[in-house]
Number of protein chains: 2
Amino acid sequence: MGWEEVRAEVLSRIRSRLWAPGALIPGEEALAQEFGVARVTVNRALTELARAGLVERKRKAGTRVAALPIRRATFDIPVIRADVQARGQAYDVRLLREEITRPPLAVAAALGWPISGGEARGAMLGLETLHLADGRPFAHEIRWLNLAVLPDPRPDFARVSANEWLVAHVPFQGGDIAFEALAAGEEVGRAMGLDPATPVFVTERCTWGAEGPVTWVRLTHAPGYRLKTVI
Amino acid sequence: MGWEEVRAEVLSRIRSRLWAPGALIPGEEALAQEFGVARVTVNRALTELARAGLVERKRKAGTRVAALPIRRATFDIPVIRADVQARGQAYDVRLLREEITRPPLAVAAALGWPISGGEARGAMLGLETLHLADGRPFAHEIRWLNLAVLPDPRPDFARVSANEWLVAHVPFQGGDIAFEALAAGEEVGRAMGLDPATPVFVTERCTWGAEGPVTWVRLTHAPGYRLKTVI
DNA sequence: TAGTGGTCTAGACCACCTC
DNA sequence: AGGTGGTCTAGACCACTAT
C-alpha cells in the first residue's frame with residue numbers, strides 16, 4: 001500500500017461521511033498500523049490532503065476533516081506567446097508606446113512605489129503593447145517597469161516581449177495577481193478595435209524581487225477569453 | 001540543513017542563472033552529498049520546486065530548470081457565504097426559481113448529459129438564486145442539479161445553500177472551472193438590478209461524481225468583484 | 001507537560017526512461 | 001542496460017500547541 005492508496009482510502013472515508021466534516025480522524029500512528037505502512041507514508045498522504053484543503057492538521061490537536069471542504073484549484077499563469085501558439089495561431093507583438101515617466105498613482109500604490117508629492121516620486125519605464133494572434137488583437141498590455149532592474153542599455157522591447165525578458169533575467173520572489181471584468185474603455189478600446197463598453201477580462205499582476213518592486217502589468221484580453229482549469 | 005533550505009539554495013542558483021533555464025542540474029545524490037543531507041531531503045525540495053513549475057523532472061533524464069519558468073498560482077474556490085462574511089457583511093440568500101425540467105443544451109453538453117432528441121433527454125433540478133451581502137445583490141447563481149444525487153424528499157434549497165449542501169453530502173471526484181467577462185444580460189441584469197450591458201465577472205463550474213454529473217453552476221458576480229491570489 | 005504532526009537519516013527496492 | 005527519480009521502512013528527534 002503506497003501513499004496514494006492511503007490518500008484514496010482516507011478520501012473515500014471522508015466522502016462516505018464515515019469521517020464527517022469537522023470530525024477528528026485517527027492519528028498517523030494508528031492509521032499506519034491499520035494500513036500496515038510506515039508512519040511517514042500516512043504523513044505523506046495526509047499532507048497532500050491538507051494541501052488540497054480537505055483536512056486541517058495541527059500538532060497536538062490532530063487531523064480534522066475540513067468543516068467546509070473547500071476546493072483549491074491551481075492554474076498556470078499564461079505566457080501569451082505560448083498561449084497563442086498553443087491555439088495554432090501566429091503570434092506577433094506591436095509596441096505602441098515606450099516612455100520613461102512617473103506611473104499613475106494607482107500603479108505606484110499597488111507596488112508600494114514612493115508617491116510622496118511632486119518631484120520626489122520616481123520614474124518608471126512604461127510600455128504599452130498589443131499582442132496579436134493571426135494578426136488580430138489578442139491582448140492589450142500596459143506595463144510599468146522598475147528601471148533599477150534593467151541593464152543599460154535596456155533591452156529592445158519592440159523585439160523581445162517584456163514578460164519573457166523578465167522571467168529569464170530578473171530574479172523575483174513573489175507577487176499577486178487579480179482577475180476582474182471591466183468595460184474596455186476609450187484607450188484600450190481604440191487599441192484593440194473594440195467599443196469602449198465591451199466587457200473584457202482583465203488580469204492585473206504585481207511582482208516584487210529581492211530589491212523591491214519589479215513590474216506592474218495590466219492585461220486586457222480580447223472578448224471570448226476564458227480562463228479555465230481543472231479541479 | 002532542512003528541505004526548505006535546500007529548496008531555497010536551489011532556487012537561488014536558478015534565479016542567479018548559475019543554473020540557466022533549460023540546463024540540467026546535478027542529480028539528487030550529488031546534491032545530497034554537497035549539502036550534507038540525505039537524498040530524500042533533496043528529493044523533497046526538488047519535488048516542491050517541480051510542483052511550482054520551476055524545474056522539470058524525469059527519471060533517467062534528470063532534473064532541468066524549466067525553459068520558461070511558468071508561474072503557477074493556486075486559489076480557493078470561493079464559498080459565497082464565507083466570502084461575504086469575511087468582508088464583515090451580512091449574508092442572505094433568496095431562491096428565485098426552482099423547477100424540474102430539461103436543462104439548456106449548453107448545460108447538457110458541458111456535463112455530458114444525454115441530449116438525444118426530444119423526450120429522451122432527462123430532467124434536472126434547476127435553481128436560480130440571488131446571494132445578498134448587506135441586503136444588496138452580491139452574486140447571481142444559476143444551477144442545474146442531477147436529480148440522482150438528491151435524496152427524496154430533497155433538501156429545502158430555500159433554506160440551505162445548494163453549494164453547501166452538496167459539499168457536505170455528495171461525494172465528488174472532480175470537475176472544471178472557468179472564468180470570463182460578459183455583459184450581464186437581460187435576465188441576470190433584472191435580478192441584480194443592473195443595466196444589461198454592465199460587464200460582470202462570471203464563474204462557470206462543472207462537477208462530476210463517481211456516478212456521473214453532479215451539478216453545473218454559473219455564478220455572476222456583482223460589479224467590482226475581483227478574484228485575487230498570491231503567487 | 002505530554003501528545004501530535006513535521007522532518008531527518010540510511011539503506012533499500014522499484015519504475016521509468018534515455019542511451 | 002544502466003542511471004535517475006519515486007517511494008518505502010524503521011527509528012529517531014524536534015516543534016508546536018492544547019490541556
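Quick note: numbers below take in every heavy atom, side chains included, and nothing from hydrogens, waters or symmetry partners. Order of the sequence lines fixes the chain letters, A, B, ..., with proteins taken first and strands second; residue numbering starts at 1 for each chain.
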*Should A/R39 and A/Q33 be marked as a side-chain contact (heavy atoms from CB on, under 4.5 Å) after you check the CA-CA gap, both sets of side-chain angles, and the distance that decides it?*
CA-CA 8 Å; A/R39 183 169 77 88; A/Q33 217 157 7; over 6 Å; no
*Does the pair B/E4 and B/V6 meet the rule for a side-chain contact (heavy atoms from CB on, under 4.5 Å), with working shown?*
CA-CA 5 Å; B/E4 289 179 302; B/V6 172; over 6 Å; no
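The listed nucleotides are D/dG5, D/dT9, D/dA18; the one nearest the side chain of A/A38 is D/dT9.
Distances shorter than 4.0 Å separate some side-chain N or O of A/T41 from OP1 or OP2 on D/dT9. Taking side-chain N and O atoms only, B/T63 has no distance below 4.0 Å to OP1 or OP2 of D/dT4. Contact annotation: A/R57 reaches the phosphate of C/dG6 (side-chain N/O to OP1 or OP2, under 4.0 Å). Taking side-chain N and O atoms only, A/R39 has no distance below 4.0 Å to OP1 or OP2 of D/dT9. Applying the 4.0 Å criterion to OP1 and OP2 of C/dG6, one finds that A/N43 has a side-chain N or O inside that range.
The CZ-P distance, from B/R64 to D/dT4, rounds to 12 Å in whole Å. Going from atom CZ of B/R51 over to atom P of D/dG6 covers 12 Å, rounded to whole Å. Note: NZ (B/K58) to C1' (C/dC19) measures 14 Å, nearest angstrom. Distance CG (A/L31) to P (C/dG5): 9 Å, rounded to an integer number of Å. In this structure, CD1 of B/I25 is placed 16 Å from C1' of D/dG3, rounded to the nearest angstrom. The distance from atom CD of A/E28 to atom P of D/dG11 is 17 Å, rounded to the nearest whole Å. Between the CD atom of B/Q33 and the P atom of C/dA10 there is a distance of 11 Å, given to the nearest Å. Put simply, NZ on A/K60 is 13 Å from P on D/dT17, counting in whole angstrom units.
Counting only distance, with no hydrogens or angles, the side chain of B/T203 and the backbone of B/F179 share no donor-acceptor pair below 3.5 Å.
Rounding to the nearest 0.5 Å places CG of A/L182 at 8.0 Å from OG1 of A/T220.
Across all strands, A/V40 comes closer than 4.0 Å to base atoms (heavy-atom distances).
Place A/A61 and A/V37 on DNA chain D by their nearest nucleotides, and A/V37 ends up nearer the 5' end.
Ring planes of B/W165 and B/F157: perpendicular class, angle over 60° (limits at 30 and 60°).
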